[in-house]
Amino acid sequence: MLSRDPPSEREMKIVIAEIPKRQIYLFDKLVIGYSLLMVVVIAIIGRSWSHYWDEISFYTGMAVLTYVITQIFDEKKNNLNRILRLLYPVILFTFFYRATGSLMFLCFDSFLDIQITSFEKLIFGVNPTLYIDRNLLTPWLTEPISFCYFSYYFMIPVFFIILYIKKDYEIIKNAMSAICLTFFLSYMLFFLYPIEGPRWFFAGQYINDIDGPIFRRLVEMVIDTGAVRGGCMPSSHFGIALVITMYCFKYYRKKAWIITILTFGLAIGTVWGRFHYVSDVVIGGLIGLFVTLGIWKYYDSQRNVKSINLNETERIKDNVS
């Protein structure tokens, strides 16, 4: 009988890696990492800890909650577990956004809109929001633009519901990572460069109301009830919409033109509706673009590593047998 050499350390690691265990995906790491990073940032930058105890507790709780979700819900068990396991960040995004409201002056004592408005006037020769107010506002333009802006509030859930129905679970994990990172980078920039937006900064300079019978009123209702004052740089709305558009073009190119039109209209609507400056939209788009490209590159590299490990595992099994 031929004697076999004991397995090497590398071979043991590969065998151990095959043992079933709860997986923590990239988007889980991003949620936990962002939450813990915010605790550290607040603890270091916060000028009065007592003023930020609620925020520190919130972000700590989010990190713990996310880890618990990764351990409790088994996506292979049933549909409910899979939905909760893969789509839970969609619910958390609203809470993370609301939490930014109390952190706007974490680094600065006031908003910095004067810098952006001066820059844009230098570039365009006029502040775009004031030019729209005086020359372009009409209900027949406002309504379709407001429709595009309002469509944002359905983009994320509809996108993931369609992916779930199609059972494209790997694309869900991939896209969720890009959306998480785009949101979290945007939320951090909210307090690193606080901007309240044109509807506040130019409030006394507008001469016209923005009128629209349906979608403008719906947009105003959502903004009035859910928006925080500040958080305009960057436009996370446009950044997220661009991320979803890029994923649609990558995986569902034939149907991507619909969301492309909505995303283009949304970009216009952020400025038209006095919610953002042009600079906010540009920076938000750049964040969404580079985050998506980075996430795609990351997952491509992970697939290559898995392929190499799989081939190595098969080789070891053949040797053992």
| Given the rule in the side chain to side chain contact (heavy atoms under 4.5 Å, CB included) test, do M38 and L103 qualify, once you have shown the distances and angles that lead to the verdict? | CA-CA 10 Å; M38 286 303 299; L103 299 174; 3.6 Å; yes

| request: Tell me, with the steps shown, if Y187 and F191 meet ring-ring contact (aromatic ring centres under 6.0 Å, His included). | output: CA-CA 7 Å; Y187 293 162; F191 66 82; over 10 Å; no

| request: Under the side chain to side chain contact (heavy atoms under 4.5 Å, CB included) rule, what do L65 and I69 come out as? Steps first, then yes or no, please. | output: CA-CA 6 Å; L65 174 62; I69 289 173; 4.0 Å; yes

| side chain to side chain contact (heavy atoms under 4.5 Å, CB included) between I171 and K166, intermediate numbers included | CA-CA 10 Å; I171 300 178; K166 295 174 69 68; over 6 Å; no

| said: Test side chain to side chain contact (heavy atoms under 4.5 Å, CB included) on L106 and V41; report intermediate values, then the result. | reply: CA-CA 9 Å; L106 188 64; V41 169; 4.0 Å; yes

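Of all heavy-atom pairs between P234 and S186, the closest is CG-OG, 3.5 Å. Taking both residues in full, the closest heavy atoms of Y52 and S102 are given as CE2-O, 3.7 Å, listed atom of the first, atom of the second, then distance. Here the closest heavy-atom approach between residue M233 and residue I195 is recorded as CB-CG1, 3.6 Å. Across F111 and G230, no two heavy atoms sit closer than the pair CE2-CA, 3.8 Å. Here the shortest heavy-atom pairing between S279 and I116 reads OG-CG2, 4.0 Å. In terms of heavy-atom proximity, C107 sits nearest to L192 at SG-CD2, 4.0 Å.
Hydrophobic side-chain contacts under 4.5 Å tie I207 to no other Ile, Leu, Val, Met, Phe, Trp or Tyr residue. Taking Ile, Leu, Val, Met, Phe, Trp and Tyr as members and joining any whose side-chain heavy atoms lie under 4.5 Å apart, directly or through other members, the hydrophobic cluster of W257 also contains F249.
Separation of atoms OH (Y25) and CG (N174) is listed at 13.0 Å; rounding is to 0.5 Å. To the nearest 0.5 angstrom, F202 atom CZ is 7.0 Å from T129 atom OG1. The distance from atom CE of M188 to atom CG of L37, rounded to the nearest 0.5 Å, is 4.5 Å. Interatomic distance, CZ of F105 versus NE2 of H51, reported as 10.5 Å (0.5 Å rounding). To the nearest 0.5 Å, atoms OG1 (T263) and CE (M155) are separated by 4.0 Å. If you take OH on Y59 and CG on D54, they are separated by 12.0 Å, rounding to the nearest 0.5 Å.
Contacts classified as ring-ring contact (aromatic ring centres under 6.0 Å, His included) and involving residues 203-238 (residues at least two apart or in different chains) are given here: F147-F215, Y149-H237, Y152-H237, Y153-H237. Sorted by first and then second residue, the pairs that involve residues 212-223 and meet side chain to side chain donor-acceptor pair (under 3.5 Å), not counting sequence neighbours, are R216-E220. Legend: ring-ring contact (aromatic ring centres under 6.0 Å, His included) pairs involving residues 113-141, not counting sequence neighbours: none detected.
Applying the side chain to side chain contact (heavy atoms under 4.5 Å, CB included) test to C248 and every residue at least two apart in sequence or in another chain returns F159, I244, A256, I259. Partners of Y169 according to the ring-ring contact (aromatic ring centres under 6.0 Å, His included) rule, which considers only residues two or more places apart in sequence or in another chain, are Y164. Looking at residues two or more places apart in sequence or on another chain, you find no ring-ring contact (aromatic ring centres under 6.0 Å, His included) involving W200. Applying the side chain to side chain contact (heavy atoms under 4.5 Å, CB included) test to N81 and every residue at least two apart in sequence or in another chain returns F73, K77, N78.
The neighbour count for K255 NZ, taken as heavy atoms of other residues, nucleotides or ligands under 6.0 Å away, does not exceed 12. Enclosure of atom CG in L136 by more than 12 non-hydrogen atoms of other residues, nucleotides or ligands within 6.0 angstrom is indicated.
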Please tabulate, for the side chains in residues 82-95, all donor-acceptor contacts under 3.5 angstrom to protein atoms that are two or more places apart in sequence or on a different chain.
residue	atom	partner	partner atom	Å
R82	NE	E75	O	3.2
R82	NH1	N79	OD1	3.0
R82	NH2	E75	O	3.2
R85	NH1	D28	OD1	3.1
R85	NH1	D28	OD2	3.2
R85	NH2	Q23	O	2.8
R85	NH2	D28	OD2	2.5
Y88	OH	D28	OD1	2.5

Let me have the donor-acceptor pairs involving side chains of residues 177-184, under 3.5 Å, with sequence neighbours excluded, atom names and distances please.
residue	atom	partner	partner atom	Å
S177	OG	F27	N	3.4
S177	OG	K173	O	2.9
S177	OG	Y299	OH	3.1
T182	OG1	A178	O	2.8

Below 3.5 Å, can you tabulate the donor-acceptor pairs from side chains in residues 265-274 to any protein atom, sequence neighbours excluded?
residue	atom	partner	partner atom	Å
T270	OG1	A267	O	2.7
W272	NE1	T142	OG1	3.1
R274	NH1	N208	O	3.3
R274	NH2	D133	OD1	2.7
R274	NH2	N208	O	2.7

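There is a path of hydrophobic side-chain contacts, each under 4.5 Å, that joins Y34 to V68.
Between L293 and M246, the closest side-chain pair of non-hydrogen atoms falls below 4.5 Å. The closest side-chain heavy-atom distance from R199 to I223 is below 4.5 Å.
A donor-acceptor contact shorter than 3.5 Å is absent between the side chain of S118 and the backbone of Q115. Here the side chain of E120 pairs no donor or acceptor atom with the backbone of P128 at under 3.5 angstrom. Remark: side-chain polar atoms of Y277 are not paired, donor with acceptor, to backbone N or O of D113 under 3.5 angstrom. Listed for the T60 side chain is no donor-acceptor partner under 3.5 Å among the backbone atoms of S57.
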